[in-house]
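For reference, the structure is listed below as structure tokens.
The shown structure was predicted, so the numbers you read here are calculated from the model rather than taken from an experiment.
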Amino acid sequence: MDVFVRRGDTLWYYSQIFNINLQLIMDSNRDIQAGSISIGQRVRVPGFVAVDYRINPGDTLWSIAARRNLSQDALFLVNPNIDPNRLQIGQTVKIPQRITWRLVQGKQEYDYSTMMTDLARLERVYPFIRTPSAGNSVLGNNIPEVLIGNGQKRVHYNGSFHANEWITTPVIMTFLNDYLLSLTNNSPIRGLSMHPLYGETTLSIVPMVNPDGVNLVLNGPPPNEPHRSRVVELNSGSTDFTGWKANIRGVDLNDQFPARWELEKERNQVGPGPRDYVGERPLSEPEAIAMAELTRRRDFSRVLAFHTQGEVIYWGFENLEPPEAEPMVQEFGRVSGYEPVKTIESYAGYKDWFIQDWRRPGFTVELGFGVNPLPLSQFDEIYQESLGIFLAGLYM
Ligand SMILES: [Zn+2]
């Protein structure tokens, strides 16, 4: 919601009148200096929208404000030209409305365009988040990153490395939405106030690493050739893509990282197809390159890659993981009921590479239990299990 600066206004005053944390207002207006706002300037107030209201007989600005627990001046701020003594019946005024509900509806077949629409809506209401691009997929889809917070602890979550594990994307998007709601409504999550975490951590989220693959599983082959014919051919002529994990070129993106990649290649002697093909060389695919470059650029303190399924959390790689990884995975296990597993015979994954090259905590979290793609009927249960992990990833 936009307000326009009047003589004597300060960001601190807006924070008081709307009961929104000052830092969130400052971060929603990065182009302006807190001490030097000028009259007439637009200021974004996060967590609110301005809705239209038609004046009824007997309405006064005071009564309209009082009914909604707003101060009268909050109404003046969004209606700069209003004359309170000359309200006309039927006249339309703006009313600040606090957003207290989720904008993200996670329990649906959540394809790439659904995510992009939701991200645009979240950015409008919560302009203190940023959504830079991490890169582009084979089909040219932008792979967005979401950044929340200002802290030194740089935490990274990602989802949908694997196409038919797309439910990880709406689970992560729901957490993002709940985090934002918690910040702008000063409402804790499971008793935890999120404001300190906002100051201490910078959370980086890539909700959908493999947008082409997710769309393939949910919507079928892309319309454009040669990808359309090629992907059906790679799927042995079938148009049922429910078993598809790879990107649109049939490369498994979580087998693409330079962490004993040759061993993974030996282990999975398959060509391009639905799963397990390591590619011609490490980091041959644009989605894997985007994740590697992002990880180098951001210098994450820890990473959690969300997959399905199995209700386990992998936390080791070749004994290179740092000692602090173990208490962290114990906490993740405690809050989710999932089982920590140190290693399996598997290489070249994103978290393997992160542990190997940074010697910092990296985790692969396998959400839910069953056959991929997990049914949406599991969504609520999976969200409850993963919520504790999302929180612990920030506070640990
Ligand atoms: Zn997976």
Side-chain angles (χ1 to χ4, degrees), residues 104 106 129-130 134 145-161 165 167-183 188-209 254 291 294-295 298-308 310-317 321-342 349-355 358-368 382-396:
V104 171
I129 66 171
R130 287 161 288 161
E145 179 196 26
V146 188
L147 291 168
I148 314 106
N150 291 317
Q152 293 299 308
K153 199 197 286 179
R154 298 172 305 280
V155 179
H156 174 72
Y157 299 159
N158 65 56
S160 293
F161 250 97
E165 301 170 12
I167 200 169
T168 53
T169 297
V171 166
I172 292 173
M173 290 292 292
T174 301
F175 171 68
L176 167 62
N177 199 161
D178 284 357
Y179 185 5
L180 300 172
L181 275 170
S182 161
L183 289 170
I189 304 179
R190 291 196 176 161
L192 191 69
S193 169
M194 301 305 280
H195 286 295
L197 296 175
Y198 183 86
E200 290 158 14
T201 63
T202 299
L203 176 59
S204 152
I205 298 177
V206 176
M208 192 182 285
V209 173
N254 208 35
M291 291 307 294
L294 178 79
T295 305
R298 296 274 185 247
D299 191 28
F300 296 128
S301 312
R302 62 186 61 156
V303 303
L304 284 78
F306 290 88
H307 290 247
T308 60
E311 303 189 345
V312 294
I313 308 167
Y314 298 108
W315 60 281
F317 184 68
E321 65 285 349
E324 63 267 29
E326 185 160 12
M328 288 180 70
V329 80
Q330 296 300 340
E331 179 69 357
F332 296 155
R334 187 185 71 81
V335 295
S336 62
Y338 289 6
E339 188 195 348
V341 175
K342 194 168 179 187
Y350 173 75
K351 82 106 173 60
D352 304 333
W353 172 71
F354 182 77
I355 292 171
W358 278 267
R359 310 290 166 101
R360 293 178 189 162
F363 307 90
T364 297
V365 185
E366 299 281 1
L367 300 177
I382 290 175
Y383 185 66
Q384 288 311 316
E385 292 161 355
S386 49
L387 178 56
I389 299 175
F390 291 131
L391 296 171
L394 294 170
Y395 69 68
M396 279 292 285

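Side-chain contact between F390 and I189 is absent, with no heavy-atom pair separated by less than 4.5 Å. Counting heavy atoms from C-beta outward, V171 and F306 have side chains that stay 4.5 Å or more apart. When side chains are defined from C-beta on, F300 counts as touching L294, because their heavy atoms get closer than 4.5 Å. Counting only heavy atoms from C-beta outward, the side chains of P188 and S182 never approach each other to under 4.5 Å. Looking at heavy atoms from C-beta onward, I167 lies out of side-chain contact with L367 at the 4.5 angstrom threshold. You'll find the side chain of R154 stays beyond 4.5 Å of the side chain of R298, heavy atoms only. Taking the side chain as every heavy atom from C-beta outward, T168 and S160 approach each other to under 4.5 Å. Side-chain atoms of S336 and I313, non-hydrogen and from C-beta on, do get closer than 4.5 Å to each other.
Between Y157 atom OH and L176 atom CG the span is 11.5 Å, to the nearest 0.5 Å. Put simply, CZ on R360 and CZ on F354 are 6.0 Å apart, with the number rounded to the nearest 0.5 Å. Atom CG of L391 sits about 5.0 Å away from atom CE of M194, to the nearest 0.5 Å.
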- Message: The test is side-chain contact (heavy atoms from CB on, under 4.5 Å); show your working for F317 and W353 and say whether it passes.
- Response: CA-CA 9 Å; F317 184 68; W353 172 71; over 6 Å; no

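Checking K342, R359, E326 one by one against E321, the side-chain contact (heavy atoms from CB on, under 4.5 Å) holds for a single residue, K342. Just one residue in the list F363, Y395, Y338 forms a ring-ring contact (aromatic ring centres under 6.0 Å, His included) with F332, and that residue is F363. The side-chain contact (heavy atoms from CB on, under 4.5 Å) test with S204 singles out one residue from I148, N158, T295, L147, and that residue is L147.
The side chain to side chain donor-acceptor pair (under 3.5 Å) check on R302 picks up nothing, with sequence neighbours excluded.
Proximity of a side-chain donor or acceptor of N254 to a complementary backbone N or O of Y350 within less than 3.5 Å is detected.
Between R190 and D178 there is no salt bridge, since no side-chain N of the basic residue sits under 4.0 Å from a carboxylate O of the acidic one.
What you find for T201 and L197 is that their closest heavy atoms are OG1-O, 2.6 Å.
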